[in-house]
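Please read the structure below before turning to the comments.
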Amino acid sequence: MRSKRLYYWVLHLKAQDGLAVIDQKGVVSYLSIGRWNTLVDLVKRDFRTAKMENYLLPGNEKVTNDSIESTKRVLEQMLDNPSEIDSLRRTINYEVIFGTELQRKVWTYLVDHIPVGTTSSYSEVAKALGVKSARVAGNACGANRIALIIPCHRVLTAQGTINGYRYGKDEKERLLQLEVKK
DNA sequence: CTTAAGTGTCTTT
DNA sequence: AAAGACACTTAAG
């Protein structure tokens with residue numbers, strides 16, 4: 001089987017940077033947020049440690065096309081305006097290439113049941129899915145590799161506080177403020 | 001407020 | 001195969 005070729009693109013914006021992995025048809029399979037100098041190391045580590053035999057480590061060759069450019073523009077809008085994440089998500093294609101069965105089950109739930117402007121808790125997610133414990137749900141959220149598009153930032157503790165976020169608690173708080181404020 | 005116990009899954013060794 | 005990490009919750013001081 002031939003491995004799928006992927007490209008990574010650093011998206012520079014005022015508030016923050018993002019790094020997206022996009023295939024030749026403009027399909028997104030990875031998005032991290034933060035500062036670019038840490039993001040490149042992060043994406044390499046994520047792909048190297050994951051079991052993804054059908055995918056190559058993403059490269060940053062200067063190959064592009066209209067589909068890729070169009071997807072990049074949508075992602076930049078998401079980074080600039082988090083309150084539009086859900087509507088923007090419907091305008092692009094993404095593919096979940098990471099994760100175990102359980103993790104994917106949790107991620108699908110987040111997309112389908114936690115819309116922008118709302119939050120949930122790890123225990124609620126666990127209960128809704130029949131997952132064994134809140135901690136299990138939390139672990140699955142933390143394994144998400146498509147930031148924003150899969151809204152793991154909308155899941156909080158049972159007390160409504162921010163326990164952790166892959167890209168920093170401050171960033172999670174900022175996202176939620178922008179989303180809820182609308 | 002802090003601590004401790006119980007918890008399931010995934011990663012690392 | 002075993003140990004350790006972890007984005008959890010609840011109860012008890």
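This structure is a prediction, so every number in the text was calculated from the model and none was measured. A, B, ... follow the sequence lines: proteins, then strands. Residue 1 opens every chain.
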Walk me through it: do A/Tyr8 and A/Phe47 pass the test ring-ring contact (aromatic ring centres under 6.0 Å, His included)? CA-CA 11 Å; A/Tyr8 72 80; A/Phe47 273 81; 9.2 Å; no
So, taking the atom named OH in A/Tyr94 and the one named OG in A/Ser29, what distance separates them when rounded to the nearest 0.5 Å?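 Rounded to the nearest 0.5 Å, the OH-OG separation comes to 12.5 Å.
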Spacing of [X] atom [atom1] relative to [N] atom [atom2], expressed in whole Å:
X        : N      : atom1 : atom2 : value
A/Lys172 : C/dA7  : NZ    : P     : 10 Å
A/Arg166 : C/dC6  : CZ    : C1'   : 14 Å
A/Gln159 : C/dA11 : CD    : P     : 11 Å
A/Asn139 : C/dA5  : CG    : C1'   : 9 Å
A/Tyr109 : C/dA7  : OH    : C1'   : 17 Å

Verify, without hydrogens or angle tests, whether [X] (side chain) and [Y] (backbone) share a donor-acceptor contact under 3.5 angstrom.
X        : Y        : result
A/Trp107 : A/Ala140 : yes
A/Lys172 : A/Ile162 : no
A/Lys72  : A/Gly26  : no

5'-to-3' dot-bracket of DNA chain C (Watson-Crick, G-U; under 3.5 angstrom; crossing pairs as [ ]; | other strand): ||||||.||||||
Could you list all N or O pairs between the protein and nucleotides 10-13 of chain B that sit under 3.5 Å apart?
from, atom 1, to, atom 2, distance (Å)
B/dC10, OP1, A/Thr100, OG1, 2.4

Interface residues of residues 124-137 of chain A with DNA chain C (non-hydrogen, below 4.0 angstrom):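 Within this stretch, A/Ala134, A/Arg135 sit under 4.0 Å of the strand.
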Can you establish whether the number of heavy atoms outside A/Arg5 located under 6.0 Å from its atom CZ is more than 12?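 Not buried by this count: 12 neighbours or fewer within 6.0 Å.
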Would you call the rings of A/Tyr109 and A/His113 parallel, tilted or perpendicular if under 30° counts as parallel and over 60° as perpendicular?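 Parallel.
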Give the C-alpha distance, both sets of side-chain angles, the deciding distance and a yes or no for side chain to side chain donor-acceptor pair (under 3.5 Å) between A/Asp46 and A/Tyr30. CA-CA 10 Å; A/Asp46 284 341; A/Tyr30 178 98; 2.7 Å; yes
